[in-house]
Amino acid sequence: MKNQLETIASVIKSTDSCAVANFATKIERRTMFMRKERLPRITILAVGGTIAGKGANTTQITQYQAGVMTVEALIDAVPQIRELAEVSGYQIANIPSFAMTDELWLQLAGKVNELLSHPNCDGVVITHGTDTLEETAYFLHLTVASDKPVVIVGAMRPATALSADGPLNLYNGVALAASEAARGHGVLISLNGRIGSARETTKLHTTAADAFAPHEAGLLGYMVDGKPHFYYKSLRKHTVDSEFDVFGIPQLPRVNIFVGHSQDTRDLIDAAVAAGTAGIVHAGTGNGGIFPLTRQGLQASSKQGVVVVSASRIGNGLVTAKPLDLESHFVVSDNLAPQKARILLQLGLTKTNQSAEIQRMFQIY
Ligand code: SIN
């Protein structure tokens with residue numbers, strides 16, 4: 001039966017009709033699943049965001065309420081995903097992602113780890129607002145202890161908009177999570193037909209549908225007609241090779257980010273230290289440039305046991321350790337974006353506040 005279907009599919013595909021070829025692709029997919037005897041089981045965890053957002057009318061693209069639709073409504077809106085996987089849904093939260101908290105990250109990491117530890121879960125898709133999507137993705141990249149696919153998707157247009165991008169992003173997310181090819185890459189970000197690593201992919205546009213891409217590190221691949229095409233794999237450690245385990249941790253250490261600029265100050269740094277911050281990421285000018293007065297503030301923080309990471313506001317390239325940074329025991333961020341350096345520093349601080357040890361982590365994650 002399987003072989004017959006495969007033969008029929010290849011014969012039909014050799015004709016030139018697009019509709020017939022699509023039909024053949026569906027048969028091929030079915031036979032693939034039949035070989036595994038069942039469809040992959042994928043759980044969709046909904047966190048909120050624009051993908052679950054609704055506006056007053058179809059032309060409202062930026063004026064809408066994020067985090068309105070439930071996970072059931074998201075799934076029902078894309079019935080095609082049931083051809084790809086046995087899908088179940090779980091509502092973690094329904095918030096705009098600029099309101100994301102460490103507490104919710106810990107809850108999400110716990111839920112993803114719990115789901116993936118069961119043999120009856122083959123992968124997880126997370127629907128999330130795009131503002132902090134990359135941060136949640138990187139947090140999970142370092143705290144999920146499984147090589148099963150975890151794919152995080154969002155949308156730049158609410159579900160009610162003309163040309164809403166959420167449904168196709170969800171479809172591609174489920175197709176990716178249901179594929180063997182997605183295993184072992186860590187957490188993947190998939191929007192607008194692209195597949196990127198959680199470590200590298202970032203939001204690059206405030207409103208365009210094509211908002212997500214990595215900087216120079218490059219894409220891992222593409223989603224085309226619901227099929228993944230991979231070209232690269234990240235060499236940095238994640239998931240099953242990560243040393244971070246947040247199980248039972250009630251809260252993450254506080255880390256603040258300060259963006260460097262001309263005529264900078266130190267008073268906000270002093271205030272953060274007085275408020276109990278455990279770490280500071282300084283998003284410096286150029287290759288981790290720091291205004292002299294600000295450097296004094298950071299050096300004073302470091303002397304008080306606060307771990308300081310020198311990052312860059314530029315977006316491309318790595319930050320190198322300069323003699324002054326080494327003297328002050330500052331950690332350099334490698335090429336991690338400041339918002340991701342913050343996450344690695346938070347996780348590092350759950351284990352140590354020794355800057356040399358934290359520097360080691362920045363060289364491998
Ligand atoms: C949010 O991040 O929740 C709002 C923006 C979006 O989802 O695109």
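As a basis for the values below, the full set of heavy atoms in this structure was taken, side chains included, without hydrogen atoms, waters or symmetry mates.
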Test your reading of the model: is there a side-chain donor-acceptor pair from [X] to the backbone of [Y], 3.5 Å cut-off?
{"X": "Ser117", "Y": "Glu114", "answer": "yes"}
{"X": "Lys340", "Y": "Ala198", "answer": "yes"}
{"X": "Arg313", "Y": "Gly260", "answer": "yes"}
{"X": "Arg342", "Y": "Ala337", "answer": "no"}
{"X": "Gln354", "Y": "Ala356", "answer": "no"}
{"X": "Thr294", "Y": "Thr265", "answer": "yes"}
{"X": "Asp241", "Y": "Lys237", "answer": "no"}
{"X": "Lys322", "Y": "Thr320", "answer": "yes"}
{"X": "Arg199", "Y": "Tyr365", "answer": "yes"}
{"X": "Asn172", "Y": "Met223", "answer": "no"}

If we ignore angles and hydrogens, is there a donor and acceptor under 3.5 Å between the side chains of Ser310 and His282? no
Residues Glu134 and Thr201: side-chain donor-acceptor under 3.5 angstrom: no
Thr160 vs Thr58, side chain to side chain contact (heavy atoms under 4.5 Å, CB included): CA-CA, chis, key distance, verdict: CA-CA 5 Å; Thr160 42; Thr58 56; 5.9 Å; no
Under 4.0 Å between a side-chain nitrogen and a carboxylate oxygen: does that hold for [X] and [Y]?
{"X": "Glu243", "Y": "Arg360", "value": "yes"}
{"X": "Asp122", "Y": "Lys148", "value": "no"}
{"X": "Asp147", "Y": "Arg183", "value": "yes"}
{"X": "Arg254", "Y": "Asp102", "value": "no"}
{"X": "Asp325", "Y": "Arg295", "value": "yes"}

Examine [X] and [Y] and state if one hydrophobic cluster contains both, with Ile, Leu, Val, Met, Phe, Trp and Tyr joined whenever side-chain heavy atoms are less than 4.5 Å apart.
{"X": "Phe258", "Y": "Phe291", "value": "no"}
{"X": "Tyr222", "Y": "Val174", "value": "yes"}
{"X": "Met361", "Y": "Phe330", "value": "no"}
{"X": "Leu220", "Y": "Ile189", "value": "no"}

What's the separation between atom [atom1] in [X] and atom [atom2] in [Y], rounded to the nearest 0.5 Å?
{"X": "Thr239", "Y": "Leu142", "atom1": "OG1", "atom2": "CG", "answer": "9.0 Å"}
{"X": "Ile81", "Y": "Leu39", "atom1": "CD1", "atom2": "CG", "answer": "12.0 Å"}
{"X": "Ile343", "Y": "Thr143", "atom1": "CD1", "atom2": "OG1", "answer": "9.5 Å"}
{"X": "Ile42", "Y": "Cys121", "atom1": "CD1", "atom2": "SG", "answer": "6.5 Å"}
{"X": "Leu176", "Y": "Ile152", "atom1": "CG", "atom2": "CD1", "answer": "12.5 Å"}
{"X": "Ile126", "Y": "Ile92", "atom1": "CD1", "atom2": "CD1", "answer": "8.0 Å"}

At their closest point, which heavy atom of Asn353 faces which heavy atom of Val307, and how far apart are they? O-CG2, 3.4 Å
State, to 0.1 Å, how close Gly288 and Ser312 come at their nearest heavy-atom pair, and which atoms those are. N-CB, 4.3 Å
Measure from NZ or CZ of Lys111 to the centre of the six-membered ring of Tyr90 and say whether it is under 6.0 Å with the direction within 45° of the ring axis. yes
